[in-house]
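None of these values were measured; they are calculated from a predicted model. Hydrogens, waters and symmetry mates play no part in the numbers below; they use all other heavy atoms, side chains included.
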Amino acid sequence: MSGSASLPSLPQRSVVDGGLVAAQVRINEGVLWVWGEAYPLRNISHVGLRHRTVDKGAAWRKFILRTIGWLILGGILAAVADTVGTIVFFVVEAFLIWKLVSVLQRPTVYGLVLNTAGTQHDAIWSTEQEEIHRLIHEVTKAIGNPDIAQTVINVAHAVQGDLIQQYGKGSIGKAGHSGSGNIGGS
């Protein structure tokens, strides 16, 4: 078709490590592009920040309960199976400790929240709060002046992965997340 406007290229995404990706967020011709998602600036009514942190108290409680249970079962196993039981006992306890440490070392993640027509969207997540603050500033500036030239914001510590929240208030089970859009339960 001649005379038709071309679609902007999709913002880039490249895997860095540990579920982190480098991403580009673009503001072009009155549209905010976050990976494959397009948010017309005129439809955005609120821009904000959300953060998720590890519930360390819950992690410790789970570890203590599992350890007490394993001390009972593993003690019986070690008494019955002798040397092999003792080795299995220590291997499982080491695994429980490793699980606790891996949960406690997870970083806080920060999200860019966009409200459009009464619907809240978690547009992108990062382990660096400053990256999300910069996005909030740039999007707010673009909403106030939608005719500005194209802006590209690099998010070097974007997060992609799954959110698993199975216990307590707000339980959603396992939710897949690509780093953009809302987190939805499965």
Side-chain angles (χ1 to χ4, degrees), residues 7-41 43-60 62 97-116 119-146 148-168 170-186:
L7 292 173
S9 62
L10 291 177
Q12 298 173 358
R13 176 192 318 201
S14 58
V15 175
V16 178
D17 67 309
L20 297 179
V21 294
Q24 286 185 344
V25 176
R26 293 186 182 165
I27 301 170
N28 188 20
E29 297 178 2
V31 178
L32 170 65
W33 291 90
V34 181
W35 292 330
E37 308 280 330
Y39 302 94
L41 293 174
N43 294 346
I44 299 173
S45 60
H46 172 78
V47 180
L49 173 79
R50 174 187 292 193
H51 71 280
R52 297 277 184 231
T53 57
V54 172
D55 184 350
K56 293 181 180 181
W60 275 104
K62 185 183 282 188
I97 292 169
W98 174 79
K99 288 289 287 179
L100 173 68
V101 170
S102 69
V103 168
L104 294 177
Q105 289 182 340
R106 289 183 189 151
T108 300
V109 291
Y110 305 91
L112 174 67
V113 178
L114 304 171
N115 287 349
T116 58
T119 304
Q120 182 170 301
H121 302 275
D122 301 323
I124 190 167
W125 293 87
S126 173
T127 58
E128 296 293 322
Q129 185 175 16
E130 187 55 41
E131 289 179 335
I132 300 301
H133 280 299
R134 180 166 180 241
L135 281 172
I136 291 169
H137 173 75
E138 293 294 333
V139 171
T140 304
K141 186 168 71 172
I143 289 170
N145 188 5
I148 61 172
Q150 175 177 330
T151 303
V152 176
I153 303 108
N154 292 313
V155 180
H157 301 92
V159 177
Q160 97 181 31
D162 296 339
L163 170 68
I164 301 175
Q165 185 175 341
Q166 295 179 324
Y167 303 103
S171 173
I172 62 170
K174 180 177 178 183
H177 195 262
S178 65
S180 67
N182 286 335
I183 297 176
S186 60

Extract all donor-acceptor atom pairs below 3.5 Å that involve side chains of residues 53-60 and protein atoms in other chains or at least two apart in sequence.
{"residue": "D55", "atom": "OD1", "partner": "G57", "partner atom": "N", "Å": "3.3"}
{"residue": "D55", "atom": "OD1", "partner": "A58", "partner atom": "N", "Å": "3.2"}

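Scored by the side chain to side chain donor-acceptor pair (under 3.5 Å) test, N154 finds Q24 as partners (sequence neighbours excluded). With sequence neighbours excluded, no residue satisfies side chain to side chain donor-acceptor pair (under 3.5 Å) with T108. Qualifying salt bridge (charged side-chain N to carboxylate O under 4.0 Å, His left out) partners for E131, counting only residues two or more places apart in sequence or in other chains: none. For H46, there are no side chain to side chain donor-acceptor pair (under 3.5 Å) partners at least two apart in sequence or on another chain.
With Y39 as the partner, the side chain to side chain contact (heavy atoms under 4.5 Å, CB included) test is satisfied by one option alone out of V31, V34, V139, I27: V34.
With values rounded to the nearest 0.5 angstrom, K62 atom NZ is found 8.0 Å from K99 atom NZ. Taken from CG in L32 to CZ in R26, the straight-line distance is 12.0 Å, to the nearest 0.5 Å. Annotation: the span from L114 atom CG to E37 atom CD amounts to 10.5 Å, rounded to 0.5 Å. Rounding to the nearest 0.5 Å gives a distance of 5.5 Å between CG of L112 and CG of L135.
For H133, the NE2 atom counts as densely surrounded, since its 6.0 Å shell holds more than 12 non-hydrogen atoms of other residues, nucleotides or ligands.
Side-chain contact between L49 and Q129: present, with at least one pair of heavy atoms (C-beta onward) separated by less than 4.5 Å. Looking at heavy atoms from C-beta onward, I132 lies in side-chain contact with I124 at the 4.5 angstrom threshold. Counting only heavy atoms from C-beta outward, the side chains of N28 and V152 never approach each other to under 4.5 Å.
Listed here is the closest heavy atom pair of E128 and Y110: C-CD1, 4.0 Å. The heavy-atom pair separating A38 from W33 by the smallest distance is CB-CZ3, 3.6 Å.
The salt bridge (Lys or Arg N to Asp or Glu O under 4.0 Å) analysis of residues 137-146, with sequence neighbours excluded, yields the pairs E138-K141.
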